Amino acid sequence: MLTQVAEGVLVHQSEFVQSNAVVVQGGSGVLLVDPGLTGAELECLADDLAGLGQPVVAAFSTHPDWDHVLWHPRLGEAPRYATALGAATMRDQLADPATKVRIAEHLPPEIHGQVPMDLLGLLIGLPDGTTELPWDGPVVRIVEHRGHAPGHAALWIEDRGVLVAGDMLSDVLVPMLDTDDDADPVEDYLAGLRLLDAVAGVAAVVVPGHGSVGGAGQVRERIDQDRAYVQALRDGEEPDDPRIGPSAQDGWDWVVGVHEWQVQQLRDRSGARPSSA
Ligand SMILES: [Zn+2]
């Protein structure tokens, strides 16, 4: 089911981790961001778009994680863009034939065997430094930053006041730092949040990769919440964060495990790092 969140902007939510696909209506069809998860959901999305009479004319993946790079034949053959680094990272991963097998094997039980893998990750990298998505529709600005994943980008649809945040600004997931590929994920994450700060005053809607869509007041609130969490990690303090507190929504207690794992990762890294003078 597509839900309108702003004029010409609709969201299709997956049951799995409340993953949000975003549809932006343009002149000759729609832009589709991070299409979604299971085969049944992708078919449902394709049905909804057919109902609107709107073909997919362009797509964008916010970052090269499996849940953001899926596709279904019924969505057609539009170019699927990502940042240059995002697409290159995906291409490197797929160069190893074991990657898809590993992703499929590690899918959580509730979606195991239900995620179409054939067209996973076939992305076109936009030239480095591209600031606007090439398509026939409202201007979509690409806000690239490190911190969560290589080549991660938020999209800012200024005319509609919509910030598509990728895997940031979630009300259910704490910031997940890229402790694998990023030399300084904490500072990079904070720098990414500063980039989003620039639109916080004017954005009317924020669509996170996972979680609920937020209204105007929540853009600033979520940026501040993510920043406080990352700063607490940096400073070795226990974050006072509702997403990992006793009030966390039912079924989301595993986020505490993610948090504890990150604390450990950062601790291991700082221990392994040669002491700086
Ligand atoms: Zn995700």
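Because the structure is predicted, anything quoted here is derived from the model rather than measured. As the structure lists them, so they are numbered: ligands from 1, and atoms in each ligand from 1.
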Assess, by modelled atom type and distance only, whether the side chains of D65 and H148 contain a donor and an acceptor separated by less than 3.5 Å. yes
May I ask you to say whether R220 pairs ionically with D197, meaning some side-chain N is under 4.0 Å from a carboxylate O? yes
Would you name the N/O/S atom of D67 that lies closest to the Zn ion (ligand 1)? OD2
Using 2.8 Å as the threshold, say whether any N, O or S atom from D65 sits that close to the Zn ion (ligand 1). no
Of the backbone and side-chain N, O or S atoms of D167, does one lie nearer to the Zn ion (ligand 1) than 2.8 Å? yes
How many degrees, to 10°, between H210 NE2 and H68 NE2 as seen from the Zn ion (ligand 1)? 100°
Would you indicate whether the side-chain heavy atoms of T38 and F16 approach each other to under 4.5 Å? no
Can you confirm whether L173 sits close enough to R243 that some side-chain heavy atom of one is under 4.5 Å from a side-chain heavy atom of the other? no
H63 near the Zn ion (ligand 1): N/O/S under 2.8 Å: no
Looking at K100 and D118, is there a salt bridge between them, counting it only when a charged N and a carboxylate O are closer than 4.0 Å? no
